[in-house]
Amino acid sequence: MMFKNFKSVSKCAYGRGSFNKLGEILAEKRTPESSVMVFLVDDYFLGKELAQRLPTQAGDMIEYIYAGGDEPKTSQIDELRDRILQAYGMPAGVVGIGGGSVMDIAKATALMLTNEGSSVQYQGLNLIKKPGVYHVGIPTISGTGAEVSMTAVLTGPTKKLGLKCDWTVFDQIILDPDLIHSVPRNDWFYTGMDTYIHCIESMTGHLKNTFSEAYGYKALDLCREVYLGENAGQTPSNDEKLMVASYFGGLSLTYSEVGVCHALSYGLSYVFGTRHCFANCIIFNVLEDFYPEGVAEFKEMVRKNDIFIPQNLAKDWTDTQIEKMIDITWALTHMWRHALGEDWEKKLTRQQIKDLYLRM
Ligand code: NAD
Ligand code: ZN
C-alpha cells in the first residue's frame with residue numbers, strides 16, 4: 001500500500017509584483033488583541049528598495065538576518081523566540097523574506113513561539129505539540145523548495161534535522177519572480193541545482209510514483225530551459241520558471257524521497273559546515289554510478305553556465321572526519337532505502353561511501 005498524506009501551503013500567491021499585496025494579506029491577520037507582525041528579512045535587502053516596500057505598521061518588528069554564513073541553528077531560533085516574546089508578546093504572525101535559510105528560520109520561529117523549551121527537543125518528525133503562529137514565506141532565491149516543504153531544517157548540538165510536522169508548512173507564500181532577479185550568479189546556480197537534484201533523486205528510486213513524477217518531470221523541463229535552453233541565464237522569464245520549478249521540485253520530493261546525493265550531503269554539511277546547495281553540487285558531480293544521465297546533464301549545465309564546482313577536496317580530509325561523515329550518512333536510512341531498496345544494507349558498505357567521499 002502507498003499512503004502519502006501531506007499538508008499543503010494554505011494559500012499560494014503567484015505573479016510578478018505580488019509582493020505589493022503583502023500589506024493587504026497581513027491586514028486580515030492583525031487583530032486588536034495581537035497586531036504585531038515579525039518580519040525576518042535576508043540582510044541582502046538592508047537599504048535596498050524592497051526594504052522600503054515592507055508593509056510594516058508601528059510596533060512591528062523587523063529583523064535582518066545574515067544568511068551567508070552558517071546554516072540556521074537551534075540556538076539562534078531559541079534566542080530569537082525569547083527576544084520576540086520579551087519585547088512584543090505573542091505576535092500575530094511571522095513573515096520570512098529570503099532564501100531557504102530565512103524561510104526555515106521563519107517556520108521554526110513561528111512554531112517555537114508556542115512550544116515551550118528549546119527547539120533541540122523538537123528536531124524530528126511530529127514532535128511539535130502545538131500549532132505555531134501564522135507564518136508567511138516569501139522566497140527571494142529559488143531551488144530548495146523550503147517555501148513548500150513541511151520541514152524547517154536546523155543544526156543542533158548533536159544533529160542537523162528539521163522540525164517536521166503539518167504545522168511547519170507556511171499558511172501563505174508569495175511567489176514573486178521579481179524578487180529573485182538580484183541573486184548572485186553562483187547562488188542562482190547552486191540553489192537552482194537543489195531542485196534539479198531533488199527531482200532526479202525523487203524520480204530514481206523505489207518510492208517514485210506518478211504523483212511525484214508529474215511534478216518532477218515539469219520541474220526538470222523548467223530547469224533545462226533555465227540552465228540549458230537557448231535563452232539560458234538569469235532572465236525575467238527564467239526567473240518565473242525557476243521559481244515554479246522550485247515549488248514543483250519540493251512537491252516531487254515530498255511525495256517520494258531524496259537519495260544518494262542528499263544522504264552524502266548531510267554528512268558534508270555536518271562535518272565541514274558546507275552549505276546545503278553548494279554541498280549537493282560538489283557531491284552530485286561524482287555520482288555518475290548512481291545517476292548517470294542526471295550527472296551528465298548536470299555537468300553540461302555547469303559548463304554552459306561557466307560555474308566553478310570544487311574538486312580534489314578529499315585530499316585535505318582526515319580519516320576521523322571521513323568516518324564521521326559516513327556515520328551521519330549511514331543514519332539516513334530512509335534515503336538509502338529509497339535509493340537502493342529495502343535490502344540497502346546488503347548493497348552498500350561503509351567503504352563504498354568512503355570511496356565516494358574520496359572522489360570529491
Ligand atoms: P540562502 O537563504 O542560504 O541564501 C543564499 C545566499 O543568497 C545568501 O547569501 C543570501 O543573502 C543571498 N540572497 C538571497 N536572496 C537574494 C536576492 N534576491 N538577491 C541577492 N542575494 C540574495 O539560500 P538557499 O540556498 O535558498 O537556502 C539554503 C538553506 O535552505 C540551508 O540552510 C538548507 O538547510 C535549507 N534547506 C531547507 C529545505 C527545506 O525543505 N526546509 C530544503 C533544502 C534546503
Ligand atoms: Zn535539497
Side-chain angles (χ1 to χ4, degrees), residues 1-10 71-78 81 94 96 100-101 103-133 135 137 144-171 173 194 197-198 201-202 205-209 211-212 215 247 249-267 269-270 276 280 327-342 344-345:
M1 184 188 88
M2 187 183 104
F3 181 64
K4 301 265 181 188
N5 187 14
F6 300 113
K7 168 119 176 23
S8 296
V9 167
S10 309
E71 295 189 337
K73 289 199 169 70
T74 48
S75 54
Q76 183 181 7
I77 303 301
D78 297 349
R81 181 265 319 266
V94 175
S101 305
M103 287 191 283
D104 278 359
I105 292 172
K107 289 197 256 187
T109 304
L111 291 171
M112 291 312 300
L113 280 163
T114 56
N115 286 271
E116 285 93 49
S118 167
S119 49
V120 174
Q121 70 200 73
Y122 302 109
Q123 283 184 282
L125 180 63
N126 292 334
L127 299 177
I128 289 280
K129 298 199 166 57
K130 297 177 201 159
V133 302
H135 49 302
T144 63
E147 64 276 23
V148 62
S149 77
M150 59 183 291
T151 183
V153 183
L154 299 180
T155 304
T158 58
K159 55 192 170 194
K160 180 182 166 184
L161 193 63
L163 313 185
K164 190 169 181 185
C165 68
D166 283 356
W167 294 316
T168 311
V169 179
F170 281 117
D171 297 298
I173 61 174
D194 198 25
I197 297 168
H198 289 160
E201 292 192 313
S202 74
H206 293 255
L207 297 176
K208 74 171 184 179
N209 59 76
F211 197 95
S212 159
Y215 283 113
Y247 183 94
L251 286 172
S252 178
L253 91 82
T254 297
Y255 281 84
S256 175
E257 187 50 80
V258 286
V260 180
C261 183
H262 276 73
L264 296 174
S265 177
Y266 273 64
S269 292
Y270 191 85
H276 178 75
N280 280 351
D327 290 344
I328 300 272
T329 291
W330 195 268
L332 296 165
T333 54
H334 53 296
M335 299 182 193
W336 292 113
R337 205 171 293 125
H338 165 60
L340 304 179
E342 281 302 326
W344 67 274
E345 280 174 295

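By convention here, the first residue in the shown sequence is residue 1.
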- Expected output: side-chain Ser252 to main-chain Tyr215 donor-acceptor under 3.5 Å: no
- His135 vs Phe170 aromatic rings, parallel, tilted or perpendicular, using cut-offs 30° and 60°? tilted
- Message: Nearest 0.5 angstrom please: Lys107 NZ to Thr151 OG1, how far?
- Response: 6.5 Å
- Partner set under side-chain hydrogen bond (donor to acceptor under 3.5 Å, both in side chains) for Lys73, not counting sequence neighbours: Asp70
- Are any of the side-chain nitrogens in Arg337 or Glu257 under 4.0 Å away from the carboxylate oxygens of its partner? no
- Query: Side-chain contact, heavy-atom cut-off 4.5 Å: Val260 with Met335?
  - Reply: no
- Gap between atom CG of Leu163 and atom CD1 of Ile77 - 0.5 Å precision: 7.5 Å
- Query: Looking only at heavy atoms, which two atoms of Leu161 and Gln123 are closest? And how far apart?
  - Reply: O-NE2, 3.1 Å
- In short, Met112 meets Arg81 closest at the heavy-atom pair O-NH1, 2.9 Å
- Query: Looking at Ile105, Val133, Asp171, which one forms a side chain to side chain contact (heavy atoms under 4.5 Å, CB included) with Val94?
  - Reply: Val133
- Is the gap between the ring centers of Tyr266 and Tyr270 under 6.0 Å? no
- Message: How close do Val258 and His198 get, counting heavy atoms only, and between which atoms?
- Response: CG1-CD2, 3.9 Å
- Lys164, NZ: over 12 other non-hydrogen atoms inside 6.0 angstrom: no
- For Thr329 and Ala263, indicate whether the former's side chain and the latter's backbone hold a donor-acceptor pair under 3.5 Å. yes
- Query: Does the side chain of Cys165 reach to within under 4.5 Å of the side chain of Leu127, using non-hydrogen atoms?
  - Reply: no
- Query: What's the spacing between Leu207 CG and Leu253 CG if we round to 0.5 Å?
  - Reply: 11.5 Å
- Task: Heavy atoms only: give me the nearest Ser212-Ser202 pair and the separation to one decimal.
- Result: OG-OG, 3.8 Å
- Rounded to the nearest 0.5 Å, the CG atom of Asp194 sits from the NE2 atom of His276 at a distance of 3.5 Å
- Heavy-atom check, side chain of Ile173 versus side chain of Tyr247, under 4.5 Å: yes
- Distance-minimising heavy-atom pair for Gly156 and Thr74: CA-OG1, 3.4 Å
- NE2 of His334 to NE2 of His262, rounded to nearest 0.5 Å, is 10.5 Å
- Shortest non-hydrogen pair, His338 vs Glu201, comes out as NE2-O, 2.8 Å
- Is the closest side-chain heavy-atom distance between Leu251 and Phe211 below 4.5 Å? no
- Is there side-chain contact between Leu111 and Tyr122, with heavy atoms separated by less than 4.5 Å? no
- Query: Which value, rounded to the nearest 0.5 Å, describes the distance between Lys4 atom NZ and Asn209 atom CG?
  - Reply: 6.5 Å
